[in-house]
Amino acid sequence: MRIQNKNIIASILFVLISFVCFAQKMPPSPEKSNGTIPVGLSVDLGVVAILFLGMLYGSKKLLSKKD
């Protein structure tokens, strides 16, 4: 497959994935919550951990590529 075809397919997949991200259900309102699921749960620590692990992996790949 040519590079141009791969770029087109990648662009189409990117657009479709973004539609799926917007199609998720809204979280329950606080008055309808039965108290078991905290509303507005923070995911900050998970995002920081993923970014940190990604930086470690990327730096490892760059350093091993130079050898």
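Count residues from 1 along the sequence.
- Residues forming a side-chain contact (heavy atoms from CB on, under 4.5 Å) with Ile12 (at least two apart in sequence, or on another chain): Ile8, Leu16.
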N/O donor to acceptor pairs below 3.5 angstrom from side-chain atoms of residues 45-59, sequence neighbours left out:
| residue | atom | partner | partner atom | Å |
| --- | --- | --- | --- | --- |
| Ser59 | OG | Met55 | O | 3.1 |
| Ser59 | OG | Leu56 | O | 2.9 |

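- In this structure, the separation between CD1 on Ile9 and OG on Ser11 is 10.0 Å, given to the nearest 0.5 Å.
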